[in-house]
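Structure first, then comments.
Note that the structure is predicted; figures quoted are calculated from it, not measured.
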Amino acid sequence: MEFRPLQLHWFVVEGQAEEDLPNRDNCVIRLTGRLMGESPVQASPVEELEYRVYYGKSAENGETLQFAGICEDQALVSRPECRWSATCDSDLNIVVKFHNGD
């Protein structure tokens, strides 16, 4: 696995308070590390990917955080690495799904 620089700009979902989000700091750290190693990110020809990431509590489970990321550069949005969602549960398990331009 090669180190891939990422820029992540974090935004809390409207109506939620950052300080009320469970495990926020640990989830953000783990998710960042996980994203760097994901196959679509590793295979990207883009030298430094930059994402806008929205996050907040899951509607189904208040102990799980949901994340949605999209490339800042709108010209890249259709690329496989540019649209993804992720969850981080109370045990800090991270699941990332890339949406391949869907």
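- Pairing each heavy atom of His99 with each of Ser85, the nearest pair is NE2-OG, 2.9 Å.
- Looking at heavy atoms from C-beta onward, Arg24 lies in side-chain contact with Glu18 at the 4.5 angstrom threshold.
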Would you please test Glu63 and Ser90 for side-chain hydrogen bond (donor to acceptor under 3.5 Å, both in side chains) and show each step?
CA-CA 6 Å; Glu63 296 300 312; Ser90 59; 5.5 Å; no

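- The two residues Pro22 and Gly62 make their nearest non-hydrogen contact at CG-O, 3.4 Å.
- Between Val41 and Tyr51, the closest side-chain pair of non-hydrogen atoms falls below 4.5 Å.
- Proximity of Thr87 to Ile94: side-chain heavy atoms (C-beta onward) are nowhere separated by under 4.5 Å.
- When the side chains of ILVMFWY residues are joined at heavy-atom separations under 4.5 Å, either directly or via intervening members, Phe3 and Ile29 end up in two distinct hydrophobic clusters.
- Between Thr32 and Leu6, the shortest heavy-atom contact is O-CD1, 4.2 Å.
- Using a 4.5 Å heavy-atom cutoff, the side chains of Leu92 and Cys27 are in contact.
- By the 4.5 Å heavy-atom criterion applied to side chains, Glu81 and Pro45 are counted as neighbours.
- Judged by distance alone, with hydrogens and angles left aside, the side-chain atoms of Asn23 form no donor-acceptor pair with the main-chain N or O of Asn26 at under 3.5 Å.
- No more than 12 heavy atoms of other residues, nucleotides or ligands shown are found within 6.0 angstrom of CD on Glu47.
- Looking at Leu35 and Leu8, their side chains come closer than 4.5 Å, going by heavy atoms from C-beta outward.
- When all heavy atoms of Leu49 and Cys71 are compared, the closest pair comes out as CD2-SG, 4.3 Å.
- Remark: the backbone N or O of Ser44 is paired with a side-chain donor or acceptor of Arg4 at under 3.5 angstrom.
- No close placement of the Phe67 and Trp84 rings is indicated, their centers lying 6.0 Å or farther apart.
- At distances below 3.5 Å, at least one donor-acceptor pair connects side-chain atoms of Gln16 with backbone N or O atoms of Lys57.
- Other residues, nucleotides and ligands contribute more than 12 heavy atoms inside 6.0 Å of the CD atom of Glu48.
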Before you tell me yes or no, could you show the steps for Trp10 and Arg52 under side chain to side chain contact (heavy atoms under 4.5 Å, CB included), namely the whole-Å CA-CA distance, both residues' side-chain angles and the distance that decides it to 0.1 Å?
CA-CA 6 Å; Trp10 304 96; Arg52 178 173 288 260; over 6 Å; no

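- Closest approach of Ala86 and Leu31 over heavy atoms only: CB-CD1, 3.8 Å.
- Residue Val53 is grouped with residue Val46 when hydrophobic side chains (ILVMFWY) are merged at heavy-atom distances under 4.5 angstrom, including chains of intermediate members.
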